[in-house]
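Every number for a ligand or one of its atoms is a count from 1 in the order of the listing. Because the structure is predicted, anything quoted here is derived from the model rather than measured.
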Amino acid sequence: MNILILGSGGREHSLAWAVMQNPKCDKLIVAPGNAGIAEIADCASLDIEDGGAVVGFAEENAIDFVIVGPEAPLAAGVSDRLRDAGISVFGPSGAAARLEASKAFTKQICDAAGAPTAAYGHFTDADAAKAYVTAQGAPIVIKADGLAAGKGVIIAETEALALAAVDDMFSGAFGDAGAEVVIEEFMTGEEASFFVLCDGETVLPIGTAQDHKRVGEGDTGPNTGGMGAYSPAPVMTEAVTRKALDEIVRPTMAEMVRQGTPYQGVLFVGLMIQDGQPRLVEYNVRFGDPECQVLMMRLGAQVLDLLQACAEGRLAEAQVNWAADHAMTVVLAANGYPGSYEKGSAIHGLEDVPEDSSHMVFHAGTGRAAGKFTAQGGRVLAVTARAGTLQDARDTAYQMVDQIDWPEGFCRRDIGWRALQSD
Ligand code: AMP
Ligand code: GLY
């Protein structure tokens, strides 16, 4: 089978790594990919948000199956174009991708499905939004409705900050994404990410994870795309998982079918859990990054069979083979991230780090110059290990980190602290 993966980050490197291990994979192309991905697959430059270009590329290269990594091509309807052309694709339709692309849409679906989530208001003008803030008080959460690359959420500790955030959004700080604003109750509890596959009918859980969004140790400082993650998430007990499925995920999927936009793909369910009760924070219509890296390390080659079963509506007969293992990934980012940072520094020592079914350095933002890997992004590497316990996975991941010589980069040294503290 010839497979095309769309995307260029650590998520796509880990997807490629897992898919390659499956004997069904004859040829793998990742577009556009990165220097680490180029070590294991062909990379091709392609405008992945242009449905026509993606269909043309898939046809030219006799692609049998496309896996869409990031949200932007999904929201742009690239899966629809591929399906229309008769090409099998893993990823929701543009209409179903609104579960990530519009926060107001998701809140309306939750209302219709009776799924527990934060109370909210949805606004298209600043005066009404400000009146709502004043009536509710702080802390309160202000969200740009549309896709804002993870930056469109402001947790306002005071009413003044909330009012300023409303002004910012309506004056275009987040472009079109902020033309509509959702204002939410601030929820407390512990966050976890729950990943399920859905083929329109059947929901199949494939794993849980927790990530660390803040740049600083102890979960302090500005938000990032994610500085590390581990799987499974201890807070996702069997009882919490059952409630999340019964009260949130299945009713949402049923409501999507009822509205004529069935959901096919992976659903990333962001939850806030307090006193054993999960509430929905957000949906994403793709794997998380770096959560995907720990899920792929744990699932391995079976991922291709699962994604194909999902794309072909055969999830009812699919099965996930779980091991009682743990995985952790530690992100190495360029000094300065998530603010401004330099590109182009050389990364040494990567050749000494073991790479096998329990150890992988997934590349998020690298290039190659003069035979050396160079840093080409904010998040650059995701150093990932798997072991029988979370502590062992963590020790191994940090040993791998310490073999990498890259003074222009940094990592958090406390990934997994919450889970390890509660052991
Ligand atoms: P989102 O982009 O919706 O995932 O929001 C980013 C982060 O903001 C989440 O992972 C939470 O940590 C936080 N967050 C979002 N909405 C809320 C809420 N209603 N209450 C508390 N925290 C929230
Ligand atoms: N790590 C969070 C995300 O992928 O959205």
task: Begin from the C-alpha positions of Cys198 and Leu267 and carry the test side chain to side chain contact (heavy atoms under 4.5 Å, CB included) through to its verdict.
output: CA-CA 7 Å; Cys198 184; Leu267 188 67; 5.7 Å; no

message: Suppose we screen for side chain to side chain donor-acceptor pair (under 3.5 Å). Which residues come up paired with Arg83, at least two apart in sequence or across chains?
response: none

message: For atom 5 (O) of ligand 2, what is the closest protein heavy atom, and at what distance to 0.1 Å?
response: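 Going atom by atom, the protein heavy atom closest to atom 5 (O) of ligand 2 ends up being Arg286 NH2, 3.0 Å.
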
Using distance alone, with no hydrogens and no angle criterion, decide if [X] and [Y] have a side-chain donor and acceptor under 3.5 Å apart.
X      : Y      : result
Gln399 : Gln403 : no
Thr106 : Glu282 : no
Thr252 : Tyr263 : no

task: Ignoring angles and geometry beyond distance, decide whether Phe186 reaches within less than 3.5 Å of ligand 1 through its nitrogen or oxygen atoms.
output: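 No.
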
query: Which is it for Glu185 and ligand 1 at heavy atoms under 4.0 Å: side chain, backbone, both or neither?
result: backbone

- prompt: Quick one: does ligand 1 sit under 4.0 Å from the side chain of Met187, the backbone, both or neither, non-hydrogen atoms only?
  reply: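 Looking at Met187 and ligand 1, atoms from backbone and side chain both fall under 4.0 Å.
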
Proximal candidate to atom 12 (O) of ligand 1 [heavy atom criterion; set Glu100, Lys103, Glu191]: Glu191

Best match, Ile142, Val182, Thr188, Val153: closest heavy atom to atom 2 (O) of ligand 1: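 Closest candidate by heavy-atom distance is Val153.
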
Gly225-ligand 2 polar pair, N/O distance under 3.5 Å: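 Yes, since at least one N or O of Gly225 sits under 3.5 Å from an N or O of ligand 2.
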
- request: Find all atoms of ligand 2 within a distance of less than 4.0 Å from any non-hydrogen atom belonging to Asp211, and give their numbers and elements.
  value: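 Heavy-atom distances to Asp211 below 4.0 Å select 1 (N), 2 (C).
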
Need the ligand 1 atom indices (1-based, order shown) with element for anything under 4.0 Å from a heavy-atom of [X].
X      : answer
Lys213 : 10 (O)
Lys143 : 3 (O), 15 (C), 16 (N)
Ile155 : 8 (O), 13 (C), 14 (N), 22 (N), 23 (C)

field: Proximity of Glu291 to ligand 2 by residue part, where a heavy atom lies under 4.0 Å
entry: side chain

query: Salt bridge or not for Arg98 and Asp145, using N-O below 4.0 Å?
result: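 Judged by the 4.0 Å cut-off on N to carboxylate O distance, Arg98 and Asp145 do not form a salt bridge.
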
task: Could you check whether the rings of Phe287 and Phe90 sit parallel, tilted or perpendicular, using 30° and 60° as the cut-offs?
output: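 Taking Phe90 first and then Phe287, their aromatic rings lie parallel (interplane angle under 30°).
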
query: Phe362 vs Trp17 aromatic rings, parallel, tilted or perpendicular, using cut-offs 30° and 60°?
result: perpendicular

- prompt: Can you name the closest pair of heavy atoms from Pro32 and Cys43 and give their distance?
  reply: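 Nearest pair, atom of Pro32 first, then Cys43: O-CB, 3.5 Å.
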
message: In this structure, does ligand 2 have an atom that sits under 4.0 Å from one of the heavy atoms of Gly288?
response: yes

